[in-house]
Amino acid sequence: MLDKINALGAEASNEIKSAGDSKALDDLRIRYLGRKGLVTELLGQIATLPPEEKPRLGKELNALKANIDGALKERQAELARSPVMLKDFADLTLPGFRPPAGSRHPLTKTIDDICSIFLGMGFKIVEGPEIETEFYNFEALNIALDHPSRDAFDTFYIKNQYMLRSHTSPVQVRFMETEKPPFKIIVPGKVYRPDAVDASHSFMFHQIEGLVAGDDVTFADLKGALSVFIKNYFGEDAKVRFRPHYFPFTEPSAEVDVSCFICGGKGCSVCGKKGWLEILGCGMVHPNVFKAVKYNPEKVTGFAFGMGVERIAMLKYGINDMRLFFENDMRFLEQFR
Ligand code: DAH
């Protein structure tokens with residue numbers, strides 16, 4: 001019996017060492033330690049031994065069982081460390097995992113798309129601070145302290161005359177203070193207003209401002225540049241309409257409408273049955289604005305315009321609630337890849 005035990009131990013040890021994968025190890029466990037395994041069979045024979053041999057051989061057999069179990073575990077751990085095991089749990093012929101790719105936020109995409117059209121017309125991109133003074137946000141733009149139009153540009157005040165800019169127009173002034181005409185600039189950025197949040201309002205939103213100045217810049221240039229932009233952005237079939245309006249920093253001023261590209265101008269729920277969508281404000285730069293930056297309004301002429309990025313993105317992509325832009329819901333953002 002002892003010989004058998006020793007022989008079995010040697011045999012098991014050899015076989016376990018040369019087992020090549022966990023399937024082979026499972027088979028060996030069954031072969032030796034399974035219910036009908038070789039060691040189990042020997043354990044079953046203990047009962048038939050003479051009583052004086054039982055304890056010694058019983059002990060030997062238990063030791064053999066423990067050794068085989070230990071060897072199996074050791075080999076299993078060894079195999080787990082070796083790349084041979086890969087084929088046990090991975091199908092190496094499957095294609096790899098594609099890591100999820102991010103994408104631009106729809107507002108970033110809208111800003112990029114709009115700016116690139118103007119870059120194509122020779123404009124350059126300029127930026128300005130979001131914290132402003134009354135002078136840049138109002139005074140230099142010909143918005144008088146007591147003028148009712150100041151309400152439209154009301155904002156959040158910080159200490160010491162500082163405030164969050166309520167439009168990108170102050171960058172016109174900052175740029176002209178340091179640069180001489182002729183120039184064409186476009187100014188994307190965030191603006192702030194004390195508006196309650198709803199489907200079409202937010203305390204923070206984005207605008208793109210434009211400013212062109214030089215000799216003999218006319219309203220025809222303004223119409224031409226904005227028509228090129230609108231046809232590029234909304235499609236060749238888009239019709240453009242200029243409606244007289246009032247802005248303190250331009251004279252004359254206009255609001256610009258584009259024919260509704262949902263209904264083609266017939267009237268639908270998006271354009272409120274009007275057939276037109278208002279997309280921006282514009283006009284010829286007011287002489288007082290040129291005076292504020294020490295330009296001679298007798299010599300320099302120019303036009304300016306400003307548009308709301310959220311509004312344009314909502315129209316372009318058929319989005320009916322502005323809050324979607326700021327909630328960071330992946331199901332929304334993923335649609336703009
Ligand atoms: N600053 C205006 C606003 O926030 C938009 C605007 C209108 C800008 C006409 C302009 C302009 O430069 O000429 O509503």
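Atoms considered below: every heavy atom in the structure, side chains included; atoms not considered: hydrogens, waters and symmetry mates.
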Using the ring-ring contact (aromatic ring centres under 6.0 Å, His included) criterion, which residues pair with F249? Sequence neighbours excluded.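 Residues passing ring-ring contact (aromatic ring centres under 6.0 Å, His included) with F249: F153, H167, F247.
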
Taking only residues two or more places apart in sequence or in another chain, which ones pass ring-ring contact (aromatic ring centres under 6.0 Å, His included) with F336? Y317, F332

Assign the ring pair F234 / F229 to parallel, tilted or perpendicular, where the plane angle (0 to 90°) is split at 30° and 60°. perpendicular

Which residues share a side-chain hydrogen bond (donor to acceptor under 3.5 Å, both in side chains) with [X], sequence neighbours left out:
X	answer
Y136	E177
E134	R150
S253	T250

[atom1] of [X] to [atom2] of [Y]: how many Å apart, nearest 0.5 Å?
X	Y	atom1	atom2	answer
L43	I5	CG	CD1	8.5 Å
T110	H206	OG1	NE2	10.0 Å
F242	L222	CZ	CG	5.0 Å

Does this structure show an ion pair linking E255 with R243, if we count only N-O contacts that are shorter than 4.0 Å?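 A salt bridge is present here (some side-chain N lies under 4.0 Å from a carboxylate O).
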
Give every residue pair that meets the side chain to side chain donor-acceptor pair (under 3.5 Å) criterion with at least one member in residues 208-226, sequence neighbours excluded. T168-E209, S169-E209, Q172-E209, T218-D221

Where at least one partner belongs to residues 318-337, residue pairs that pass side chain to side chain donor-acceptor pair (under 3.5 Å), sequence neighbours excluded: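 Every pair satisfying side chain to side chain donor-acceptor pair (under 3.5 Å) with a residue in residues 318-337: D321-R323, D329-R331.
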
Taking the side chain as C-beta and beyond, is there a heavy-atom pair between N137 and S166 under 4.5 Å?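 Result yes, sub-4.5 Å side-chain heavy-atom pair found.
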
Within the 4.5 Å heavy-atom criterion, are N288 and L141 side-chain neighbours or not? no

Filter on salt bridge (charged side-chain N to carboxylate O under 4.0 Å, His left out), then keep only pairs touching [range], sequence neighbours left out; what's left?
range	result
residues 30-49	E11-R31, E15-R31
residues 51-69	R29-D69, D69-K73
residues 98-123	R104-D112, K109-D113

Residues 117-130, side-chain donor-acceptor partners within the protein, below 3.5 Å, at least two apart:
residue : atom : partner : partner atom : Å
E130    : OE1  : Y192    : OH           : 2.6

Under 6.0 Å between ring centres, would you say that holds for H147 and Y246? yes

Verify, without hydrogens or angle tests, whether R75 (side chain) and A19 (backbone) share a donor-acceptor contact under 3.5 angstrom.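 Checked: pair present.
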
Anything under 3.5 Å between a donor and an acceptor, one on a side chain of residues 266-273, the other on a protein residue two or more places apart or in another chain? List them.
none

Step by step, work out the side-chain contact (heavy atoms from CB on, under 4.5 Å) result for R193 and F156. CA-CA 7 Å; R193 294 198 189 166; F156 296 102; 5.6 Å; no

